[in-house]
Protein chains: 2
Amino acid sequence: MNASTARSTRNAREQVLDAAIRLFTQQGYFNTSIPDIVRESGISTGSIYHHFGDKEGIARALFESLVARMERAFDAIDREHATARERCRAVIELLFRITEDEPEVMSYMLFVKHREFMPEMAPVCSSRPFRHMREMVERGMATGEVRSMDPMVAAAAVFGGALRLINLRLDGILERPLGDYLDEIWDCAWRSVSA
Amino acid sequence: MNASTARSTRNAREQVLDAAIRLFTQQGYFNTSIPDIVRESGISTGSIYHHFGDKEGIARALFESLVARMERAFDAIDREHATARERCRAVIELLFRITEDEPEVMSYMLFVKHREFMPEMAPVCSSRPFRHMREMVERGMATGEVRSMDPMVAAAAVFGGALRLINLRLDGILERPLGDYLDEIWDCAWRSVSA
DNA sequence: TTGACTAAAACGAATGTTCGTTCTAATCTT
DNA sequence: AAGATTAGAACGAACATTCGTTTTAGTCAA
């Protein structure tokens, strides 16, 4: 039936995407060959090209699904919290949680340099998530929660430390899970911009 | 004479390195072919292999010269400043200055993923510079300049915002030069950890 | 319920190209 | 002259992609 057809096609796609995000983040996009993906996903070359068109299509599909997921998560945070303070903290908690539970997801967004093979996506990739963060801080400035300053600098101050910890964690330099550092880094972050 | 020989060999090496850092940061390591480097540097294939052994050797030489340069700069900062506060600010000033004057240098260190082709260098690449920063903060904690907390978190708080601004600037999202943001981000950074 | 028909999906061997590297000859430098 | 350096053509391996075929799933007539 329709359901079973849909399920089967989604499976092939998702098996490829699962294998690809793992391989791309472990060995890099250019070090990952189509045969690698065939081996790791169990899906054949022909099928892969049927679903994604070309190798870049796999990376693009991955990227788009992660961007969409981030957008939804940010919107949910906006809805569920009333103050800039709560929202910013929730964003950091979210990013920490993703880093611990699905490190490949965070690695893919931070490390895979789309600039190198999808130049037109580079600005989207780097600026879109940070724009959300900047807007959050900016609205906090309007309500007086955040002291008055350049909103870009304020956003960098609030989220820069946490993002740095995420980088260190993914590089294997932090041995304890990010949650252990949450209160301390949040204290630093908010202290640096609170009115 | 020695001088002219030295000059000529250094020229070939440096012409290759100049072309390589430009190409690697613009299009990525794997998108840059040896013929690309030959074209851009004006040095022939044979010469390149004579000087660097293989393609990775070019990246390694670049990396090593930049690491050495960073080490020297950090040591100089340690020598020329007495307090953690002054040292940390000097580091941020240094990184901002390099980003503005030689963006390829900063791009190469931040963006070129050595993990993908020099796995053994990845830890050096990511941890070494940050270890200096952590030690700076740690010594400031010993003297009471910096409030007591996990030194890794404190270092992330002090330098995270500035590093974020550097990323944004290299991505073309900040239109004004980094110097314009120095005082504000430094105020945030130090406020977040000062005793 | 069966069995022919259709369309989508999966397959994997074959192809043409690109790339890093090697090799041999030529050219400087001292 | 001799050693270091440069040159660029040639090589072989690895890669992304294509294509003709097979399999699977859904539809519908009788």
Side-chain angles (χ1 to χ4, degrees), chain A residues 1-24 26-63 112-114 116-119 121, chain B residues 1-24 26-63 112-114 116-119 121:
Chain A
M1 281 298 296
N2 276 341
S4 94
T5 300
R7 177 144 25 89
S8 101
T9 69
R10 186 161 28 213
N11 274 347
R13 261 188 76 90
E14 288 190 353
Q15 275 173 265
V16 171
L17 291 179
D18 277 0
I21 196 172
R22 211 161 39 236
L23 291 168
F24 288 171
Q26 273 168 18
Q27 356 172 323
Y29 175 80
F30 288 105
N31 275 340
T32 302
S33 67
I34 299 292
D36 283 343
I37 298 177
V38 169
R39 204 176 313 116
E40 187 83 1
S41 67
I43 306 298
S44 71
T45 320
S47 253
I48 292 177
Y49 276 83
H50 174 72
H51 284 292
F52 298 99
D54 58 6
K55 188 184 177 186
E56 236 184 76
I58 305 172
R60 200 188 321 273
L62 265 181
F63 178 70
V112 177
K113 301 318 285 183
H114 300 89
E116 294 185 4
F117 56 92
M118 294 164 39
M121 286 243 176
Chain B
M1 282 299 299
N2 276 342
S4 96
T5 299
R7 177 143 26 87
S8 100
T9 71
R10 181 155 38 206
N11 273 346
R13 261 188 77 91
E14 288 190 353
Q15 274 173 267
V16 171
L17 291 178
D18 277 359
I21 196 171
R22 211 162 38 237
L23 291 167
F24 288 171
Q26 274 169 17
Q27 356 172 322
Y29 176 79
F30 288 105
N31 274 342
T32 302
S33 66
I34 298 292
D36 283 343
I37 299 177
V38 170
R39 205 176 314 116
E40 188 83 2
S41 67
I43 306 298
S44 70
T45 321
S47 254
I48 292 177
Y49 276 82
H50 174 72
H51 284 293
F52 297 100
D54 58 6
K55 188 184 176 186
E56 237 185 74
I58 304 172
R60 199 188 322 273
L62 266 180
F63 179 71
V112 176
K113 302 315 284 183
H114 300 90
E116 294 184 6
F117 55 94
M118 293 165 41
M121 285 244 178

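By convention in this document, chain letters (A, B, ...) are assigned in the order of the sequence lines, proteins followed by strands, and residues within each chain are numbered from 1.
With rounding to the nearest 0.5 Å, the separation of NE2 in B:His50 from OG in B:Ser44 is 10.5 Å. To the nearest 0.5 Å, atoms CD1 (A:Ile21) and CD1 (A:Ile58) are separated by 12.5 Å. Expressed to the nearest 0.5 Å, how far OH of A:Tyr29 lies from CG of B:Asn31 amounts to 9.0 Å.
In this structure, the CD1 atom of A:Ile43 is 19 Å from the P atom of C:dA8, given to the nearest Å. The distance between atom NE2 of A:His50 and atom P of C:dA9, rounded to the nearest whole Å, is 4 Å. Per the geometry, CD belonging to B:Gln27 stands 10 Å off P belonging to C:dC19, to the nearest Å. Rounded to an integer number of Å, the gap from CG of B:Asn11 to P of D:dT5 is 13 Å. C:dT21 atom P lies 17 Å from atom NE2 of B:His51, rounded to whole Å. Atoms CD1 (B:Ile48) and P (D:dG8) sit 12 Å apart, rounded to a whole Å.
In this structure, A:Asp18 has no salt bridge (charged side-chain N to carboxylate O under 4.0 Å, His left out) partners at least two apart in sequence or on a different chain. B:Asp54 pairs by the side-chain hydrogen bond (donor to acceptor under 3.5 Å, both in side chains) definition with nothing, not counting sequence neighbours.
At the phosphate of D:dA7, OP1 or OP2 sits under 4.0 Å from a side-chain N or O atom of B:Ser44.
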Q.
For a quick check, with a 4.0 angstrom heavy-atom cut-off, what is the B/S/- contact string for nucleotides 12-19 of chain D, read 5' to 3'?
A. ---SSBB-
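Using a 4.5 Å heavy-atom threshold, the side chains of B:Glu40 and B:Thr32 count as separate.
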